[in-house]
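To start, the structure itself, in structure tokens.
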Amino acid sequence: MKFGTKVIHGGLEPDPLTGAVMTPIYQTSTYAQEAPGKHKGYEYARTQNPTRSALESNLSHLENGSHGLCFASGMSAMDAILRMLNPGDEIVSSNDLYGGSYRLMRRVYERFGIASHFVDMTKAAEVEKAINAKTRLLWVETPTNPMLNVVDIRKMVELAKGVGALVAVDNTFASPYLQNPLDLGADIVLHSATKYLGGHSDVVMGALVLKDDKLAETLRFLQNAVGAVPSPNDCFLVLRGIKTLHLRVERACQNAAQIAAYVRQHPKVRQVFYPGFEDHPQHQIAKGQMRHFGGMISFDLKNDSLGNAVKVLSNTHYFTLAESLGGVESLIGHPASMTHASIPKEERLKVGLTDSLIRLSVGVEDVDDLIEDLDKALSVV
Ligand SMILES: *Cc1c(COP(=O)(O)O)cnc(C)c1O
């Protein structure tokens with residue numbers, strides 16, 4: 001089955017009870033049992049819900065996995081993975097990643113004796129140096145947020161296997177349409193379904209997809225034991241969003257390519273970070289593991305100052321100033337004060353995250369209007 005068919009049919013059947021083509025919202029917390037322990041596979045809705053099961057099955061098809069698990073948010077999905085670790089275990093991750101992921105590792109799990117090392121994951125030698133016998137997990141995010149670096153997933157898998165560590169890939173920025181980390185050897189894929197999967201900025205949800213049965217059993221145990229599960233209504237919304245994932249992401253990629261070219265030639269722009277440029281340092285790696293280059297772009301200003309960034313951010317009309325990404329509408333954001341405010345400034349500057357860095361999540365609007373919008377905003381600087 002090809003991707004455009006999977007989004008609509010993968011792992012989904014009409015409702016067995018009524019034939020309803022769309023998976024119904026099973027808004028129930030519990031299920032009637034015929035006799036104690038005699039039931040139809042559903043006992044209590046933290047453990048199983050048919051709307052959630054349909055979404056989990058659909059997601060596992062999209063990522064070529066065998067198991068999908070949904071959580072109340074991307075962060076709670078990540079939390080389930082980190083809960084598999086024990087005190088003394090270590091994580092190796094990137095120094096350029098989603099601020100909330102950094103916060104969870106640094107501010108929550110470090111207290112439980114699980115140390116994280118943040119290195120430049122585009123340099124295999126740095127990753128190799130940080131890996132040791134205690135390393136249990138490589139946490140990979142690619143493309144990275146917000147610098148749009150690309151990490152070589154195959155290479156990270158090779159390094160992790162050397163010490164028997166797991167590789168988890170945060171695939172939120174790419175979406176399953178553009179990149180399938182399990183095919184490249186990763187053990188677990190994470191999505192913030194809040195972003196491209198939901199696609200309409202109306203749900204917060206997270207998901208994991210994996211192949212290994214034993215690992216899935218452990219994660220499913222944690223999903224139920226901890227209980228950070230999404231509501232059936234939200235599962236319905238994400239199921240609906242996924243049906244147009246390929247169309248939305250395709251258009252966002254086309255728009256982003258044109259916008260990236262436009263901002264690059266703008267006299268007030270210093271540098272544009274976009275993996276689709278042939279001179280992007282990891283352009284070839286992106287080509288080797290992604291279908292297209294995504295809908296995310298970052299750029300900073302020649303006249304680097306918070307004040308100038310604020311001018312641009314306050315003068316767009318279609319690009320809405322907001323956190324998040326991956327929706328049909330274009331968003332503009334300021335990582336230093338928004339998504340990445342929880343990362344200390346020295347750490348931010350080390351990776352090039354300056355005060356004037358602006359991040360775009362390009363939506364599916366008409367690209368001419370989007371370019372005109374940016375043109376007006378940049379003229380104010
Ligand atoms: C948003 C995001 C998360 C966190 O997901 P939530 O659904 O907000 O909890 C994790 N990783 C990346 C790359 C994200 O963009």
Side-chain angles (χ1 to χ4, degrees), residues 52 55 59 63 68-83 91 93-109 116 118 121 137-151 153 168-179 181 186 188-209 223 226 228-231 234-235 237-238 241-242 249 252 273 275 290 294-298 322-327 330-335 338-343 351 353 359-363:
R52 193 176 92 211
L55 174 58
L59 284 168
E63 283 289 11
L69 293 95
C70 291
F71 293 84
S73 66
M75 291 326 302
S76 57
M78 179 178 183
D79 178 72
I81 297 175
L82 300 191
R83 274 176 203 270
I91 303 168
S93 187
S94 159
N95 58 7
D96 171 24
L97 85 164
Y98 181 67
S101 305
Y102 175 88
R103 181 173 56 199
L104 189 61
M105 291 187 260
R106 251 289 112 98
R107 308 260 313 267
V108 179
Y109 278 90
S116 296
F118 301 94
M121 278 199 153
L137 176 68
L138 252 66
W139 186 267
V140 180
E141 185 180 309
T142 182
T144 65
N145 183 1
M147 301 312 298
L148 281 313
N149 286 309
V150 176
V151 178
I153 297 173
V169 177
D170 184 338
N171 203 24
T172 302
F173 262 40
S175 90
Y177 177 59
L178 298 185
Q179 178 171 277
I188 309 172
V189 178
L190 173 136
H191 282 283
S192 167
T194 314
K195 317 294 167 55
Y196 286 104
L197 292 173
H200 296 75
S201 305
D202 49 11
V203 183
V204 172
M205 196 192 293
L208 303 178
V209 181
Q223 181 194 40
V226 177
V229 293
S231 76
D234 284 352
C235 292
L237 286 172
V238 174
I242 286 173
V249 176
F273 305 90
M290 297 174 76
M296 301 298 297
I297 303 168
S298 294
E323 300 212 3
S324 201
L325 62 113
S330 294
L331 300 182
I332 189 165
H334 185 239
M338 296 165 74
T339 45
H340 290 67
S342 55
I343 299 178
V351 301
L353 203 171
R359 191 188 82 176
L360 304 178
S361 168
V362 178

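When a ligand or atom number is given, it counts from 1 through the structure's own listing order.
With sequence neighbours excluded, no residue forms a side-chain hydrogen bond (donor to acceptor under 3.5 Å, both in side chains) with Asn95. Taking Thr194 as the reference, Ser192 meet the side-chain hydrogen bond (donor to acceptor under 3.5 Å, both in side chains) condition, with sequence neighbours excluded.
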Ligand 1: which protein N/O atoms lie under 3.5 Å from its N/O atoms?
| from | atom 1 | to | atom 2 | distance (Å) |
| --- | --- | --- | --- | --- |
| ligand 1 | 5 (O) | Ser192 | OG | 3.0 |
| ligand 1 | 7 (O) | Gly74 | N | 2.9 |
| ligand 1 | 7 (O) | Ser192 | OG | 2.8 |
| ligand 1 | 7 (O) | Thr194 | OG1 | 2.7 |
| ligand 1 | 9 (O) | Gly74 | N | 3.0 |
| ligand 1 | 9 (O) | Met75 | N | 2.9 |
| ligand 1 | 11 (N) | Asp170 | OD2 | 2.6 |
| ligand 1 | 15 (O) | Lys195 | NZ | 2.8 |

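Legend: side-chain hydrogen bond (donor to acceptor under 3.5 Å, both in side chains) pairs involving residues 196-207, not counting sequence neighbours, sorted by first then second residue: Ser201-Glu329.
At a threshold of 4.5 Å between non-hydrogen side-chain atoms, the residues Leu331 and Leu360 do not count as touching.
Asn171 places a side-chain N or O within donor-acceptor distance of the main-chain N or O of Gln179, the cut-off being under 3.5 Å.
Aromatic ring pairs are classed by plane angle as parallel below 30°, tilted from 30° to 60° and perpendicular above 60°; the pair Phe118 and Tyr102 is tilted.
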